[in-house]
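Both backbone and side-chain heavy atoms feed into the values below; hydrogens, waters and symmetry mates do not. We name chains A, B, ... by the order of the sequence lines, and we start the count at 1 in each one.
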Number of protein chains: 2
Amino acid sequence: IESFILKIWKFLEKAWILAVAEPKKVIHGLKVGLAISVVSIFYYTRPLYEGVGGNAMWAVMTVVVIFESTIGATLYKCINRAIGTFLAGSLGVGVHWIANHSGKHLEPIILGTSVFLLASAATFSRFIPSIKARFDYGTMIFILTFSLVSVSGYRVDKLFDLAHQRLSTIAIGAAICVIITMIFCPIWAGDELHRLICRNLEKLAHSVDECVAEYFRDDKTSTASDEDCSKKMQGYRCVLNSKATEESMANYARWEPAHGRFKFRHPWKQYLKIGASIRNCAYCIGTLDGCVNSKTQAPPNLKKHLKNICMRLSITSSNVLHELAFTLKTMKKSSKIDFSVEEMNLAVQELKNSLISLPNLDIITNPLPAEANLEPITKITIPPFMEILPLATLVSLLIENATKIEG
Amino acid sequence: IESFILKIWKFLEKAWILAVAEPKKVIHGLKVGLAISVVSIFYYTRPLYEGVGGNAMWAVMTVVVIFESTIGATLYKCINRAIGTFLAGSLGVGVHWIANHSGKHLEPIILGTSVFLLASAATFSRFIPSIKARFDYGTMIFILTFSLVSVSGYRVDKLFDLAHQRLSTIAIGAAICVIITMIFCPIWAGDELHRLICRNLEKLAHSVDECVAEYFRDDKTSTASDEDCSKKMQGYRCVLNSKATEESMANYARWEPAHGRFKFRHPWKQYLKIGASIRNCAYCIGTLDGCVNSKTQAPPNLKKHLKNICMRLSITSSNVLHELAFTLKTMKKSSKIDFSVEEMNLAVQELKNSLISLPNLDIITNPLPAEANLEPITKITIPPFMEILPLATLVSLLIENATKIEG
């Protein structure tokens, strides 16, 4: 029993830490609670004596199922639910009418086959990427409504009443959701995506800085700021893992109306491309990080020789990244960006030159040369090179994006 | 109008291609259609004259919502739905009882606050990772059922009837789902995960082969097999993108009973670790691929010098990968694996040696040395080095896994 209490305690502790770290999630919980209470009270004033299965139930259900943490997701579900219900309802009534007019024997056969065929087709269509991205939920609602309507066994005129009631309750539920989610602390998917990308760019910049600095650090003794450093260094890992979030956010952002600095047809797909470029850079930094922790290190004198130029390169490239993050944040092309890119390219060139001069130098001072030297040096120098390539595409993408937003 | 028809035509074409490529998805669609038809016919024989909101509706709804393409996911949703409904139902009845006994004025207040608090808490708990992974759906059902029960305004004794009916209809729907999904072409999440990891290992091996071969290919003219090659080369990209799939599969696989070669408590988490190692390797291959397409290439004579040893390294490492895939597939430690790892390490050592001897050689034959040479050589040679590191952890992980499964 004691271990059980301990487990619950730990669980609560975790929940508390999460709540403190991301108060938005708590607010979302409260919003859902509020929305459900509002619907409940709305219907409690006229109890559902027809049963839990009464029509009012649909309003409660709509709120529970539709309410998502971002406005985009909520709107996506609202619109999907409405379209799905409407389409399936009208199709269901049509099939019902046909079945009614074709005799007692054929009726169950027609209904059965239509349910089977439509459910199969709709389920399969959920695997098609373009449907999955935009209408996954709507397709499910379509299947649900269609099979409910065709099973119900009503006459057509009564079905119309029913459909009307169902649609109106769904509309009430959806309206409550949308109003509450937009009034209290609105969380826009587009906003979140924008901030995620900015944050990723900054994390990447810190990672570059820290990795190279760590590689060239002379005393490997742990200091007070050590944990902080390694945390920054690991920032690129978050970047690598953010693909799924980015995609779903971009998906939801499409459904959102104009808000803040974002217009209705904001180029959200561009963000995905930027995200992909950022991830490409993060791969390179991953390789860099691997070098830092590798057992075969370059000898100190060589490290010293290359330290300054490598540090310069890392600083200039992280500068470019910071500049890009700033550009993205303000959505204006920063005047400094061309300058920083220029500086970075200069640093690359310098590093190349000093690398070329290196073997001679090394061989002259040390007749039995380069054993285990060559490898780690290049190890540290290659990744920054590689990094430039994706960075260049990233820069061009971002500039294109900036002009698109401005234009 | 013409463009609209064209769009529909293209859409159908896409769907057809998908259907041919993955017949499993079509089969899943048919299974869902069958399950819904069965439930419909079951209830069509005694029409739901109480309204679309009748209890039979819950059976149809259960089938539509619960039926997923893998058995694990279906079971997960079944169990979650059952637990969520049961917990929320009993809690709802309890709250109802308290509210009933505390007077007319307090009743709506108690019901309202309890709905608000529980819905908020449950919604927030969905953000906690451990809940999200295992009970996300159950929590939603909990909120739904609890608010429905507390809104309903029934007396307690009638509520018991209702709960009994609802649970039994859910049980019928769930039973039909589980039976159909297990009888016709069962798709096990665990099986899928297992095969995904094997396939990824093999893709990785092909990528290594193709990348290095491409780098050292003499004539850059495109041949008939060119497209095939570049497809193989890009295999590592699939590996990079499969994280989300792996995680959800591993999540669902936990709910599955013993099947085929997999016992009930098969170490599914190990697969995630293996997947992470594979992705680590894939990052390195990504860097390698970048070298192949890079504009700065090593001069031909140097390439020739290193060709044999690099090819050997790539062949041995892809051998190890194939061997690992085989080990995983058969779930037995292959006797050849130690031998191949040994071979690979030998190739690494040789490459190191020839790299060390290279600068001397180069400088002797060419007094103005290494301009732009050093960089591309190392570019091609470093990634394989790096690759060894994650490979080593991968090997140890897989061996550990194999012993776990056998032991």
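- B:A19 touches chain A through backbone and side chain together, each having a heavy atom under 4.5 Å away.
- Of the two parts of B:I131, only the side chain, counted from C-beta on, holds a non-hydrogen atom closer than 4.5 Å to a non-hydrogen atom of chain A.
- The OG atom of A:S248 lies 10.0 Å from the CD atom of A:E68; values are rounded to the nearest 0.5 Å.
- Side-chain N or O atoms of A:S114 include one that pairs as donor or acceptor with a backbone N or O of A:L111 at under 3.5 Å.
- With a 4.5 Å cut-off on non-hydrogen atoms, B:S125 does not touch chain A at all.
- Put simply, of A:N241, A:V38, A:L118, A:V65, the one with the most heavy-atom pairs under 4.5 Å next to chain B is A:N241.
- Every residue two or more places apart in sequence or in another chain was checked for a salt bridge (Lys or Arg N to Asp or Glu O under 4.0 Å) with A:K132, and none qualifies.
- A salt bridge links B:K25 with B:E22: at least one charged nitrogen is closer than 4.0 Å to a carboxylate oxygen.
- Highest contact tally toward chain B, considering only A:G29, A:A35, A:S37, A:S130, is held by A:G29 [criterion: heavy-atom pairs under 4.5 Å].
- Between A:H28 and B:F127, the ring planes lie perpendicular to each other; the angle is over 60°, past the 30° to 60° tilted range.
- Neither the backbone nor the side chain of A:T113 comes within less than 4.5 Å of any heavy atom in chain B.
- Counting heavy-atom pairs closer than 4.5 Å to chain A, the top-ranked of the candidates B:A119, B:A244, B:A15 is B:A15.
- Proximity to chain B (any heavy atom under 4.5 Å) is restricted, for A:K14, to the side chain, taken from C-beta onward.
- The choice from A:L30, A:V26, A:V60, A:L34 that makes the most heavy-atom pairs within less than 4.5 Å of chain B is A:L30.
- A distance of 12.5 Å separates CG of A:L144 from OG1 of A:T139, quoted to the nearest 0.5 Å.
- Among the candidates A:V32, A:L18, A:I27, the single residue satisfying the side-chain contact (heavy atoms from CB on, under 4.5 Å) test with B:F124 is A:L18.
- Of the atoms belonging to A:F11, it is side-chain heavy atoms, and not backbone ones, that fall under 4.5 Å from chain B.
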